[in-house]
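Small disclaimer: the values here were computed from a predicted structure and weren't measured. Just so we're on the same page: letters track the sequence lines, and every chain starts at 1. Below, all heavy atoms of this structure are taken into account, side chains as well, without hydrogens, waters or symmetry copies.
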Amino acid sequence: MQASDPQSHVSPRLLDNLNPEQRNAVTLGRESALVLAGAGSGKTRVLTTRIAYLIQTGQVSPSGLLAVTFTNKASREMLTRLTSMMPINTRGMWVGTFHGLCNRMLRAHYRDVNLPQTFQILDSGDQQSAIKRLLKALNVDDEKFKPREMSWFINSAKEQGLRSHVVEAKDEFTRRQVEIYQAYDEQCNREGVVDFAELLLRCYELLSKNKPLCEHYQNRFKFILVDEFQDTNRLQYKWIQLLAGSRTAEQSNVVFAVGDDDQSIYGFRGAEVGNMRDFQRDFANGNVIKLEQNYRSEGAILDAANAVISHNKDRLGKNLWTDAGKGENLRIYPASTDLDEAEFVVEEARTLNREGMAFADMALLYRSNAQSRVLEHALFRSGISYRVYGGLRFFERLEIKHALAYLRLAGNPDDDGAFSRVVNFPPRGIGARSVEQVMDLAKRYNISLYAAAANGIANGDLAGRAGLAVGSFLKICEALKSSSGKVSLAELVDECLELSGLKTHYAAEREGADRLANLSELVTACAQFEETFEGPLEGEEPTDALTSFLTHASLEAGEHEAGESDDALQLMTVHAAKGLEFNAVFLSGCEEGLFPHEQSMNDFDGLEEERRLMYVAITRARKRLYLTYAGSRMLHGQTRYGVVSRFIDEIPEALCKWLVVPDKNAAYGAHFGAGGFNGGYIGNSGVRAGGLGSDNASSGSAYTGHKQSYSSQHYAEQGNQPYGRQGAPDTTRAGFETKKADTHPFAVGQNVKHEKFGEGVVVNFEGRANDARVQVKFRTEGVKWLSLQYAKLSVL
DNA sequence: GTTTCATCTGTTTTT
DNA sequence: CAGATGAAAC
């Protein structure tokens, strides 16, 4: 390797435009290293360029390296970039997520791990229902052992590499949990299914127990690259250790780990930041490369991020810098309510758009999904197109799950989860009673539900109406099973939708149109999948298209990729935004209890993780960042009063520009009337420094008379400590509702009465003055739009 | 056996 | 507030 300069073989521009640290990382020799890559420091670029570099310099063949990421998106991105850098056939390369790669190994050695070739993967929902089913079968009180908590217990044990027989049980309760854990694993084995954590654990055990096999992989993967290392859990760490080989340092494979401890935001699901420290000890041996130059955000944004994260105690230490200018200050908007916050975002996004920024370059972020509702509502009314990421994904939709359950049964009749999901869906006269009979039979003979049902009918245990109904269900499954080898995947699904009666069922249902559309989307998805589906590589176990598709459905859940074309504002949680960047970012709900979330703010680790989450949020923005919070918001059906997030307080005042809406009416009046008034709020820096009183008084006559309004009251009362306990929420509330009454008397939620339609409640409104219309949900007449000008509507 | 209504509950992030 | 579950009506 030293004989000839390896760089001479490298394609001409591969290493261009890399800064010294990046280049260092890319061209590193045969040694393990930890790359501490700050947000926006070109992490993915380094990772992919290194792969290209290793291949081009002949240090490794494409099949001799293993690159593992955390998300499907990241691995796809890696492959895309790689193919754009060099002509390469990525098929056969071991690039994927932890779960994807483990799945691949388990499929290849399914006999060694005691799994059926067609084993299926339980997603978290499937796992939950499996546990519920188990608890019922064991006659365990699911109030005392809640399925949620049980799945947490089981998953965290697995993520630490612990099987039930080695879990320590200090008390009776835990002992019982361990028993359930064991029973759960037995159930999964019986049914031939694995959950997410099992995928990793089973693979780890395969390698650790099967020395020749482990050595085979160790010999193969000379270079191992790990993305988002801070998100790895203990089991993943040990898996990497196994593959790296625990031989002498010279012989051991090279592990190149890239991560950012400041962006570790998955501790709640078992990720251990501590792995980064351990890695330095076990692998890198002090070999740490820091990427600290940020190419994404402008100065003020970056400074704010650094300031916030500096409050964390437990850090490896890293400070991002940029040679971009200071840029704009962060804009902070204290909204009166969540509705006000949403309206602000709408107005502001519109203004930015008018000024030339595409909506698609803006993101609206929130801490928890529940917050998106109000925001979406405001966007919907404004007519701005938007896209929500996350939420329920394609393969998680109920109707899709049902259809997939039939397909799973076609592939593996022992899948009791799938069986119970659809025995009586669509309803075919198999009630709880009949299902119980089948379950009893299954338990008595220790066989699957499917087998029990078949036996029961054959030997008369299951007779009469119940027997007939169950028989018809089994017929459907058999028909699908016999078709599965013969027809194409898409045809099979089509047949499944017909035979099962799902199509008919949803066609008859009042609100079934969407579900029907999704089902036909499923057929399309199958056709597409089949097109790209390639048989096994040489030496690989053949996997049929059906099993592959079902695996794909569990592992990838189907991100929404439609609608890329139109210019839509992007809505997502902060977690979902990790790795992305936008010209403008709105971070909503910057309130204590929400962000930091109340579930996390009480313990030290939780709070530090929340702060890292804040750091992630801030560093998503390139040019402009808005932080908004609301004095009150609806949460779980009741109004909650919030105070500004401590994280905002951790941002130096000099980087902030406070936006205040002194009076909504004045702002709207100006907005709709005179054209010149832009936005309706006044920039105010130094508010928190205590200068507000005078600032407020001098900033214009338009609103000085409205001391009632939330913002001014807020500051007037609280001076330079804006987030003390909320003093007078009642005034706030009154102020807000008065405002509503001014626009028209029928606020959302108002109970009203109509001469013809009777009583109802206002659910929406639009327009103003003469052409105002309200949407009313009547008790008996359904939902109607009414024009206030004509409809005789009275307040109740 | 199925539908509907009412009550309850749980609320962070996800491969 | 919404989704899930359970009890009573159909």
Subject >> Between A:D195 and A:Y184: side-chain donor-acceptor atoms closer than 3.5 Å >> reply: yes
Original post:
With sugar-phosphate meaning primed atoms plus P, OP1 and OP2, does A:R465 contact a base, only sugar-phosphate, or nothing at under 4.0 Å between heavy atoms?
Top reply: nothing
Subject >> A:R640, CZ atom: more than 12 neighbouring heavy atoms under 6.0 Å >> reply: no
**OP:** Mind checking A:N424 for me? I need base, sugar-phosphate or nothing, with any heavy atom below 4.0 Å counting as a touch.
**Re:** sugar-phosphate
**OP:** Could you pull out the closest heavy-atom pair between A:R612 and A:S264, with the gap in Å?
**Re:** NE-O, 2.7 Å
At a cut-off of 3.5 Å, list every protein nitrogen or oxygen paired with a nitrogen or oxygen from nucleotides 9-15 of chain B, distance to 0.1 Å.
from: B:dT11; atom 1: OP2; to: A:R148; atom 2: NE; distance (Å): 2.6
from: B:dT11; atom 1: OP2; to: A:R148; atom 2: NH1; distance (Å): 2.8
from: B:dT11; atom 1: OP2; to: A:R148; atom 2: NH2; distance (Å): 3.3
from: B:dT11; atom 1: O2; to: A:H636; atom 2: ND1; distance (Å): 2.7
from: B:dT11; atom 1: N3; to: A:H636; atom 2: ND1; distance (Å): 2.6
from: B:dT11; atom 1: N3; to: A:H636; atom 2: NE2; distance (Å): 3.4
from: B:dT12; atom 1: O2; to: A:R367; atom 2: NH1; distance (Å): 2.9
from: B:dT12; atom 1: O2; to: A:R367; atom 2: NH2; distance (Å): 2.1
from: B:dT13; atom 1: OP1; to: A:N369; atom 2: N; distance (Å): 3.0
from: B:dT13; atom 1: OP1; to: A:N369; atom 2: ND2; distance (Å): 2.9
from: B:dT13; atom 1: O2; to: A:R367; atom 2: NH2; distance (Å): 3.1
from: B:dT13; atom 1: O2; to: A:H575; atom 2: NE2; distance (Å): 3.3
from: B:dT14; atom 1: O4'; to: A:R269; atom 2: NH1; distance (Å): 2.8
from: B:dT15; atom 1: OP2; to: A:R393; atom 2: NH1; distance (Å): 2.5
from: B:dT15; atom 1: OP2; to: A:R393; atom 2: NH2; distance (Å): 2.8
from: B:dT15; atom 1: O3'; to: A:F70; atom 2: O; distance (Å): 3.4
from: B:dT15; atom 1: O2; to: A:H99; atom 2: NE2; distance (Å): 3.3

**OP:** Could you tell me the separation between the NE2 atom of A:H505 and the P atom of B:dT2, rounded to a whole number of Å?
**Re:** 11 Å
Original post:
Between A:N275 (side chain) and A:N233 (backbone), is there a donor-acceptor pair under 3.5 Å?
Top reply: yes
**OP:** Just call it for A:K132: base, sugar-phosphate, or nothing, with non-hydrogen atoms closer than 4.0 Å on any strand.
**Re:** sugar-phosphate
Subject >> Residue matched to B:dT11 through Watson-Crick or wobble contacts both under 3.5 angstrom >> reply: none
**OP:** Can you see which heavy atom on A:R646 is nearest to which on A:P596, and at what distance?
**Re:** NE-CG, 3.8 Å
Original post:
Does NZ or CZ of A:R107 lie under 6.0 Å from the centre of the six-membered ring of A:Y110, at an angle within 45° of the ring axis?
Top reply: no
Original post:
Considering only the P atoms, how many Å lie between B:dT13 and C:dA4, rounded to the nearest integer?
Top reply: 15 Å
